[in-house]
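As the structure lists them, so they are numbered: ligands from 1, and atoms in each ligand from 1. Note that the coordinates shown come from a computational prediction; the quantities given were computed from them, not determined experimentally.
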Amino acid sequence: MPDTSVIYWIRNDLRLADNPALTAAVKAGTVIPVYIWSPAEEGAWTPGGASRAWLDASLRALSEAYAAAGSRLLMRAGRTAEILLALCAETGAEAVYASRRYEPDALRQEASVRDALKEAGIALRMYNGSLLNAPDAIATQAGEPYKVFTPYYRACLAGKDPGEPYPAPERIKAPKSWPASDGLEALRLAPDHPWGDAMLSHWGVGEAAALSALDDFATGPVESYPDLRDRPGETGTSRLSPHLHFGEVSPRQVFHAVASGGGTGLGAAREACIRQLYWREFAHHLLYYFPHTPEEPLKDMFAPFPWVRDAGALRRWQRGQTGYPFVDAGMRELWVTGWMHNRVRMVVASFLVKDLRIHWRAGADWFWDTLADANLANNTLGWQWVAGCGADAAPYFRVFNPITQGMKFDPEGAYVRRWVPELAKVPDKYLHAPWTTPPIELAACGVTLGKDYPQPMVDHDEARKTALAIYDEIKSARR
Ligand code: FAD
């Protein structure tokens, strides 16, 4: 039988196991795997600094995994369609296999690649490996997209079981001679700034590290997930989000490890975690049907909101210098580790949007650049949820109180003390509002407000009232 060669175009599926596109390519014959860096094709959402640093490290790990399977990972930079066509011409490949991505620009990219390949008589075979359900596989009875999470979730659970993950191919058949690779360095992904390496030192990157993190979580912390998931000072969540974003682990592997570890019956703790996995699915469902939402509110009532433009205030928020310790701890954790706990993401986002009344897009942009898990669907959903302008969002009048949130979810102050060490000696009862500390006690802790740590940049109660008054005005203007 003549040998068939195919190209495997790697996208956000940086793994060998449970990868339907790769499995199909391996079945087809000789495989030429290629990663193509084409930032211009990502539209306005070119990966930010933290994502690029992660991607660089993840591709390095993936190269080693391909080598161990008897293959090689080619790297190219440039226009995707041109590179794929050139590779097909050089290798005689008959088809291109790839995993589907569902962001608007990625879908446009897929369409243009498909057209170009079709003209040359080459098939493009696409597979879903990044979601449990393709975004258009779930619809209301009327055939509409869901805008509320709970019925969406129920519809997903009523559908077919995600099934067993596929094993990694043991060997990947290599071509007799390899096309040239530009090499990872030529892609220039890693930021020049030493910040990227410091951020990565908090993580293990790549498929092996992702599977080990999943195993650690699914055999231990998952059991206390409902109790600890809102405690940023504890290891209460999986921290799998960057691994999931880059496809170092599949959602099916996560589902399977979490669901099957608990013996018979799912159990409330494991179900709570799986529910979050479906928030990720819901976010992709929404982005697919409402592709304008990374830029525009889903509820157009919010379009005329009189956002404040204040570069200085935005900078203080970004740097963790707001004077609210819980907010500042989150923003500093983000800067140092490229990740922030979900509870704190909600609080810092609310502070930006409601206390400072700065546009949620400015916050989403900062997250985009600094989060290692920056993901267009989840980031858009998260910001619009907090701002009150998205699907199934928190109502606008729900304003997170950065003091009481800190007291409730970081009662012993472990989180704040870690990230805001200048307040380490402030007693628990004052820690989340240090300006309430009696001056003598504050001096004994070695803190002078305004010098060692900022005074609060706004009065939360006042800021809340102003935000709600503006909201009422907008609402009345609609009547
Ligand atoms: P776990 O609690 O262990 O959950 C397991 C997985 O489920 C996560 O890895 C994630 O993929 C998914 N998940 C959990 N919570 C959510 C959620 N609320 N929405 C969607 N998916 C969820 N998540 C991102 O992956 N990328 C982003 O860019 C992003 N931006 C956000 C911005 C804001 C303002 C907010 C409020 C949330 C954002 N989130 C984002 C969602 C959430 O904060 C992270 O997914 C979560 O903190 C990741 O930590 P974990 O892996 O330990 O989650």
Side-chain angles (χ1 to χ4, degrees), residues 12 45 47-48 50-51 54 103 130-132 149 152-153 203 210 213-214 216-218 220-222 224-232 234-255 257-259 269-287 294 317 327 330-331 333-334 337-354 360-394 398 400 405:
N12 275 350
W45 299 99
S51 300
W54 189 289
E103 303 93 328
S130 62
L131 293 171
L132 295 168
F149 174 72
Y152 169 83
Y153 179 49
W203 298 90
L214 172 59
D216 287 350
F217 176 69
V222 69
S224 43
Y225 187 78
D227 301 326
L228 295 185
R229 61 176 287 239
D230 274 317
R231 293 291 194 97
E234 313 262 358
T235 310
T237 68
S238 69
R239 295 174 64 111
L240 284 169
S241 48
H243 301 296
L244 275 163
H245 171 71
F246 286 101
E248 295 172 356
V249 66
S250 75
R252 180 161 56 184
Q253 287 172 302
V254 178
F255 183 99
V258 169
R270 288 167 187 272
E271 206 261 326
C273 180
I274 282 174
R275 191 181 165 88
Q276 290 312 112
L277 209 51
Y278 279 101
W279 269 101
R280 177 177 181 272
E281 300 275 313
F282 185 51
H284 286 81
H285 178 77
L286 290 172
L287 181 61
W317 176 80
V327 173
M331 298 310 292
E333 177 184 33
L334 172 62
T337 69
W339 187 86
M340 193 197 300
H341 190 278
N342 182 59
R343 169 62 44 184
V344 195
R345 290 188 204 202
M346 293 191 283
V347 174
V348 304
S350 178
F351 189 83
L352 183 78
V353 170
K354 294 179 184 170
W360 57 268
R361 263 175 30 208
D365 283 350
W366 182 250
F367 272 28
W368 187 255
D369 204 21
T370 52
L371 273 175
D373 67 24
N375 174 284
L376 196 57
N378 285 1
N379 202 33
T380 303
L381 174 96
W383 279 95
Q384 292 219 13
W385 187 89
V386 174
C389 60
D392 202 1
R398 176 162 185 211
F400 284 83
Q405 287 281 311

Q. Closest heavy-atom contact between Ser350 and Phe400?
A. OG-N, 3.1 Å

Q. Is there a side-chain contact between Trp360 and Trp385, using heavy atoms and a 4.5 Å cut-off?
A. no

(Q) For atom 33 (C) of ligand 1, what's the nearest protein heavy-atom neighbour? Residue, atom name and distance, please. (A) Gly382 CA, 3.7 Å

Q) Which pair of heavy atoms, one from Leu277 and one from Pro251, lies closest together, and at what distance? A) CD2-O, 3.7 Å

(Q) Under 4.0 Å, heavy-atom basis, I'd like to know which part of Ala283 is in contact with ligand 1: side chain, backbone, both or neither. (A) neither

Q.
For atom 27 (C) of ligand 1, what's the nearest protein heavy-atom neighbour? Residue, atom name and distance, please.
A. Asp373 OD1, 3.4 Å

**Q.** Contact check: Gln276 vs ligand 1, nitrogen or oxygen atoms, below 3.5 angstrom
**A.** yes

Q. Measuring from Ser241:OG to Asn342:CG, what's the distance to the nearest 0.5 Å?
A. 9.5 Å

**Q.** Sub-4.0 Å heavy-atom approach of Arg239 to ligand 1
**A.** yes

(Q) Heavy-atom pairs closer than 4.0 Å: do any link ligand 1 to the side chain of Tyr225, the backbone, both, or neither? (A) side chain

Q: Measure the distances from the heavy atoms of Met346 to every atom of ligand 1 and state whether one is below 4.0 angstrom.
A: yes

Q | Pro232 to Asp230 - nearest heavy-atom pair and separation | A | CD-O, 3.1 Å

Q) Do the ring planes of Trp45 and Trp368 sit parallel (below 30°), tilted (30 to 60°) or perpendicular (above 60°)? A) perpendicular

Q.
Can you classify the ring geometry of Trp339 versus His341 as parallel (below 30°), tilted (30 to 60°) or perpendicular (above 60°)?
A. perpendicular

Q: Give the residue and atom name of whichever protein heavy atom lies nearest to atom 28 (O) of ligand 1, and the separation in Å to one decimal.
A: Asn375 N, 3.1 Å

Q) Does the N or O separation between Val386 and ligand 1 drop below 3.5 Å for any pair? A) no

**Q.** Identity and distance of the protein heavy atom lying nearest atom 41 (C) of ligand 1
**A.** Asn342 OD1, 3.9 Å

Q. Of the non-hydrogen atoms in Ala374 and Phe367, which two are nearest, and what is the gap between them?
A. CB-O, 4.1 Å

Q.
Measuring centre to centre across the rings, with the benzene-like ring taken for any Trp, is Phe149 within less than 6.0 Å of Trp279?
A. yes

Q. Does any N/O atom on Trp383 come nearer than 3.5 Å to any N/O atom on ligand 1?
A. no

Q.
Taking salt bridge (charged side-chain N to carboxylate O under 4.0 Å, His left out) as the cut-off, I'd like each qualifying pair that reaches into residues 368-387, sequence neighbours left out, listed once.
A. Arg345-Asp373

Q: Would you kindly specify which portion of Phe367 sits under 4.0 Å from ligand 1, judged on non-hydrogen atoms: side chain, backbone, both or neither?
A: side chain

Q.
Heavy atoms only, cut-off 4.0 Å: how does Leu244 contact ligand 1, side chain, backbone, both, or neither?
A. side chain

Q: Any atoms of ligand 1 less than 4.0 Å from a non-hydrogen atom of Leu277? List them with their elements.
A: 7 (O)

(Q) Using a plain distance cutoff, I'd like to know if Trp279 has any nitrogen or oxygen under 3.5 Å from a nitrogen or oxygen of ligand 1. (A) no

Q) Parallel, tilted or perpendicular for His243 and Trp54, by the 30°/60° rule? A) perpendicular

Q: Within a distance under 4.0 Å of any heavy atom of Leu240, pick out the atoms of ligand 1 and give their elements.
A: 9 (O), 51 (O)

Q: Scan Gln276, Arg270, Arg275 and name whichever one has a side-chain contact (heavy atoms from CB on, under 4.5 Å) with Tyr225.
A: Gln276

Q: Working to the nearest 0.5 Å, report the span between OG1 of Thr380 and CD of Glu103.
A: 10.0 Å

Q | 4.0 Å heavy-atom contact, Trp339 with ligand 1 | A | yes

Q: Specify side chain, backbone, both or neither for Val254, according to which of its non-hydrogen atoms lie closer than 4.0 Å to ligand 1.
A: neither

Q. Relative to the heavy atoms of Leu371, which atoms of ligand 1 are at a distance of less than 4.0 Å?
A. 27 (C), 28 (O), 30 (N)

Q | Shortest protein contact, atom 40 (C) of ligand 1 (heavy atom only) | A | Arg345 NH1, 3.2 Å

Q. Going by the order shown, which atoms of ligand 1 are within less than 4.0 Å of some heavy atom of Ala374?
A. 28 (O)

Q: May I ask you to identify the nearest protein heavy atom to atom 5 (C) of ligand 1, giving residue, atom name and distance to one decimal place in Å?
A: Ser238 OG, 3.8 Å

Q.
How far is atom 32 (C) of ligand 1 from the closest protein heavy atom, and which atom is that?
A. Asn379 OD1, 3.4 Å

Q.
Which residue and atom name correspond to the protein heavy atom nearest atom 48 (C) of ligand 1, and how close is it?
A. Ser241 OG, 3.3 Å

Q: Measure across Lys354 and Val386 and return the closest heavy-atom pair with its distance rounded to 0.1 Å.
A: NZ-O, 3.0 Å

